[in-house]
Amino acid sequence: MNPNKPHIVLLGAGYAGMMTTKKLLQKLSIQDADITLVNKHNYHYQTTWLHEVAAGTIDVNRSRIMISDVIDSHRVHIIQDTVTKIDKDNKRVELANGEIAYDYLVISLGFEKASFGIPGMEEHAYSIQDVNQSRLIRDHIEYQFAKYQNDVENRDPSMLTIIVGGAGFTGIEFCGELAERIPELCRKYDIPRNQVRIINVEGMDSVLPGFDPELANYAQQSLEARGIEFRLGTFIKEVKEGSIIIGEDEEIQAGTFVWTGGVQANHLVGEAGFELTKGKVNVDNTLRPAGYDEIFILGDCSWVLDNETGIPYPPTAQLAIQEAETCAHNIRTLIFGGTLKEFKYDNKGTVASLGGRDAMGTVFDGKKLYGIQAKVMKNVIDDRYLFLLGGPKLVLKKGKFRPF
Ligand code: FAD
Ligand code: NAD
């Protein structure tokens with residue numbers, strides 16, 4: 001690194017990290033600053049497609065994009081390594097294989113599974129967290145089918161039971177993909193569909209708690225029509241190997257348990273000693289934590305309030321992408337002077353896929369969309385992100401053009 005230039009270090013190449021890097025490249029020239037992007041893998045992945053990877057309805061590689069295909073590696077030093085510690089008082093970051101110093105730091109390390117202290121959750125639950133864990137879920141489910149088919153003497157029907165814990169957006173979207181994938185697996189392994197159970201267990205009295213009830217109801221009915229069973233108003237209390245305990249100590253045996261019951265910020269931000277709310281770092285509207293003017297915390301790692309309502313913004317890709325512009329502008333301002341920008345979230349709506357050609361959601365002014373119309377909108381949202389990241393070439397390579 002050139003000691004005469006400020007060094008900007010970005011941790012995590014998810015939505016927030018990738019888009020902030022792109023924006024910094026637009027706002028700064030090679031003479032203005034050195035930029036380093038650190039990520040666990042040499043690829044970026046579409047977190048919003050991981051439920052499809054986990055069910056096996058899209059190939060793993062469809063969700064992965066090589067970082068160097070979309071970020072100019074002549075201008076950004078790309079380090080493939082794992083961050084192990086953020087030493088905010090000495091302006092250093094420890095990696096599994098080294099250490100780096102920074103002048104400006106962007107922390108965009110994303111989310112982890114939140115287990116809420118439920119016994120057995122850490123040890124026995126799968127979760128849709130990254131590419132590798134999602135692929136493991138896909139392979140585990142298929143292995144259960146193969147094993148059931150081969151184990152003629154001691155067939156255990158619970159091998160074909162899949163429990164999804166939580167009916168938030170991740171749980172609902174995953175069930176939608178399973179509704180498409182399971183019939184394919186049944187054909188592949190000559191297993192009648194009625195021998196397979198997919199059960200969604202949700203603690204609250206409805207699916208998608210807090211979301212538009214009409215749309216939530218539509219989602220539930222669509223999934224039930226394709227064989228998903230719901231246990232609503234039922235909390236998961238414990239997870240064991242091969243079973244879960246729900247409600248009033250009822251035990252359900254299952255070959256697969258996938259937890260979609262909630263997410264929390266990457267544990268490294270808590271370990272760094274920042275002030276937290278619900279595990280996320282409190283940041284002001286310039287996206288910085290109090291007392292650390294040179295640090296920006298974005299996406300699922302940060303707790304940022306809407307100034308007008310006092311309500312925190314939800315942890316979504318939409319939010320992470322929008323924060324990038326404010327963050328890059330503010331870093332440029334810190335280097336060259338000017339006025340810092342205040343972040344304001346522009347909620348463009350929420351659309352969730354329900355598998356196949358089905359989807360539902362709200363767009364822009366609260367207009368409700370259902371079925372194929374919503375599915376087309378979902379694909380447009382996904383393709384728009386690909387366009388922002390890698391232009392038309394990336395849309396052509398990875399984009400979703402058909403509504404199924
Ligand atoms: P992430 O996208 O999680 O990226 C974090 C990056 O940091 C990753 O590349 C990771 O590899 C890297 N990293 C993590 N730890 C380390 C480490 N120690 N060292 C180095 N690198 C590390 N939101 C929407 O708006 N719309 C949707 O349709 C939608 N669908 C979703 C579907 C699913 C199945 C899931 C799970 C989430 C969905 N979300 C959706 C939420 C959205 O994906 C997250 O809010 C978003 O990914 C957060 O972006 P981020 O940049 O903060 O983190
Ligand atoms: P979530 O926190 O939104 O939902 C978790 C669900 O699990 C809740 O309904 C909760 O009541 C339930 N739950 C928690 N503990 C339970 C227990 N012990 N037993 C039974 N049920 C329990 O988490 P998520 O669905 O992973 O979503 C995380 C974030 O990602 C959210 O902000 C969401 O909006 C976003 N997301 C958006 C989309 C989309 O826009 N299409 C898709 C997926 C995720």
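Order of listing sets the numbers, starting from 1, for every ligand and every atom in it.
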Quiz item: Given that the side chain starts at C-beta and the backbone is N, CA, C, O, which of these parts of Pro315 lies under 4.0 Å from ligand 1, counting heavy atoms, or is it both or neither?
Solution: backbone

Exercise. Heavy-atom contacts with Ala16 under 4.0 Å: which atoms of ligand 1 show up? List them by number with element.
Key: 51 (O)

Quiz item: If you measure from atom 10 (C) of ligand 2 to every heavy atom of Met360, Glu202, Met204, which option wins on shortest distance?
Solution: Glu202

Practice problem: Would you check whether Trp259 reaches within less than 4.0 Å of ligand 2, judged by its heavy atoms? | Solution: yes

Practice problem: Considering heavy atoms of the protein only, find what lies nearest to atom 14 (C) of ligand 1 and give residue, atom and distance to 0.1 Å. | Solution: Leu109 O, 3.4 Å

Quiz item: Side chain, backbone, both or neither: which part of Lys237 has a heavy atom under 4.0 Å from ligand 2?
Solution: neither

Quiz item: At under 4.0 Å between heavy atoms, which part of Tyr45 makes contact with ligand 1: side chain, backbone, both or neither?
Solution: side chain

Quiz item: Which heavy atom of the protein is the closest neighbour of atom 21 (N) of ligand 1, given with residue, atom name and distance?
Solution: Lys40 N, 3.2 Å

Quiz item: With a cut-off of 4.0 Å, which atoms of ligand 1 are near a heavy atom of Asn266?
Solution: 14 (C), 15 (N)

Quiz item: When you measure from atom 4 (O) of ligand 1 to every protein heavy atom, which one gives the shortest distance, and what is it?
Solution: Gly14 CA, 3.2 Å

Practice problem: Using a 4.0 Å heavy-atom threshold (strictly under), name the region of Leu11 that reaches ligand 1: side chain, backbone, both or neither. | Solution: neither

Self-check item: Heavy atom of Gly165, distance to ligand 2 below 4.0 Å
Solution: no

Quiz item: Under 3.5 Å between some N or O of ligand 1 and some N or O of Thr82?
Solution: no

Quiz item: Hey, looking at atom 13 (N) of ligand 2, which of Gly168, Gly261, Ser206 has the closest heavy atom?
Solution: Gly261

Quiz item: Which bit of Ile236 gets closer than 4.0 Å to ligand 2, counting heavy atoms only: side chain, backbone, both or neither?
Solution: both

Quiz item: If you draw a 6.0 Å radius around NZ in Lys397, do more than 12 non-hydrogen atoms from other residues or ligands fall strictly inside?
Solution: no

Practice problem: State whether a side-chain donor-acceptor pair under 3.5 Å links Asp34 with Asn2. | Solution: no

Exercise. Measure centre to centre between the rings of Phe296 and Tyr104, then say whether the value is under 6.0 Å.
Key: no

Exercise. Mark yes when over 12 heavy atoms from residues, nucleotides or ligands other than Glu241 sit less than 6.0 Å from its CD; otherwise mark no.
Key: no

Practice problem: Taking the side chain as every heavy atom from C-beta outward, state whether Leu268 and Leu109 have any atom pair closer than 4.5 Å. | Solution: yes

Quiz item: Which bit of Pro209 gets closer than 4.0 Å to ligand 2, counting heavy atoms only: side chain, backbone, both or neither?
Solution: side chain

Quiz item: With a 4.0 Å cut-off on heavy atoms, does Gln129 reach ligand 1?
Solution: no

Quiz item: Which one of Phe174, Tyr385, Tyr15 has a non-hydrogen atom at the shortest distance from atom 49 (O) of ligand 1?
Solution: Tyr15

Self-check item: Which of the ligand 1 atoms, numbered from 1, are nearer than 4.0 Å to a heavy atom of Phe111
Solution: 3 (O), 36 (C)

Quiz item: Given Gly110, Gly349, Cys301, which has its nearest heavy atom closest to atom 50 (P) of ligand 1?
Solution: Gly110

Quiz item: atom 28 (O) of ligand 1: which protein heavy atom is closest, and how many Å away?
Solution: Lys378 NZ, 2.7 Å

Self-check item: Winner among Asp130, Ile107, Asp300 once heavy atoms are compared against atom 48 (C) of ligand 1
Solution: Asp300

Self-check item: Lys/Arg N to Asp/Glu carboxylate O, Glu177 vs Arg138, below 4.0 Å
Solution: no

Exercise. Have a look at ligand 1 and work out which part of Ser108, if any, has a heavy atom under 4.0 Å from it: side chain, backbone, both or neither.
Key: backbone

Quiz item: What atoms of ligand 2 come within less than 4.0 Å of a heavy atom belonging to Gly203?
Solution: 20 (C), 21 (N), 22 (C)

Quiz item: How close does the nearest protein non-hydrogen atom get to atom 34 (C) of ligand 1, and which residue and atom is it?
Solution: His51 ND1, 3.5 Å

Quiz item: Is it the case that Thr57 and Glu180 place a side-chain donor and acceptor less than 3.5 Å from each other?
Solution: no

Exercise. Check if Thr234 has a non-hydrogen atom at a distance under 4.0 Å from any atom of ligand 2.
Key: yes

Exercise. Out of Gly17, Ala320, Ala317, indicate the one that has the non-hydrogen atom closest to atom 23 (N) of ligand 1.
Key: Ala317

Self-check item: Enumerated ligand 1 atoms positioned under 4.0 Å from heavy atoms of Gln318
Solution: 25 (O)

Self-check item: Option whose closest heavy atom lies nearest to atom 43 (O) of ligand 1, chosen from Leu268, Thr47, Leu95, Thr20
Solution: Thr47

Quiz item: For ligand 1, which atoms, with element, lie under 4.0 Å from some heavy atom of Gly299?
Solution: 52 (O)

Quiz prompt | Residue, atom name and distance, where the atom is the protein heavy atom closest to atom 39 (N) of ligand 1 | solution = Thr48 CG2, 4.0 Å

Self-check item: For atom 7 (O) of ligand 1, closest protein heavy-atom neighbour
Solution: Gly12 CA, 3.4 Å

Quiz prompt | Nearest protein heavy atom with distance in Å, relative to atom 18 (N) of ligand 1 | solution = Val83 O, 3.1 Å

Quiz item: Relative to ligand 2, is Val351 under 4.0 angstrom through side chain, backbone, both or neither, heavy atoms considered?
Solution: backbone

Quiz item: Which pair of heavy atoms, one from Glu122 and one from Ser115, lies closest together, and at what distance?
Solution: OE2-OG, 2.7 Å

Quiz item: If you draw a 6.0 Å radius around CZ in Phe116, do more than 12 non-hydrogen atoms from other residues or ligands fall strictly inside?
Solution: yes

Quiz item: Side chain or backbone of Thr170 under 4.0 Å from ligand 1, or both, or neither, by non-hydrogen atoms?
Solution: side chain

Quiz item: Is there a donor in the side chain of Tyr15 and an acceptor in the side chain of Gln318, or the other way round, less than 3.5 Å apart?
Solution: no

Self-check item: Close approach of Asn39 to ligand 1, heavy atoms, under 4.0 angstrom
Solution: yes

Quiz prompt | Location of contacts on His44 toward ligand 1, heavy atoms closer than 4.0 Å | solution = neither

Practice problem: Could you walk me through whether Tyr292 and Lys91 pass side chain to side chain contact (heavy atoms under 4.5 Å, CB included), step by step? | Solution: CA-CA 10 Å; Tyr292 294 89; Lys91 295 192 182 180; over 6 Å; no

Quiz item: What part of Thr48 sits under 4.0 Å from ligand 2 if we count only heavy atoms: the side chain, the backbone, both or neither?
Solution: neither

Quiz item: For ligand 1, is there an atom lying under 4.0 Å from some heavy atom of Asp81?
Solution: yes

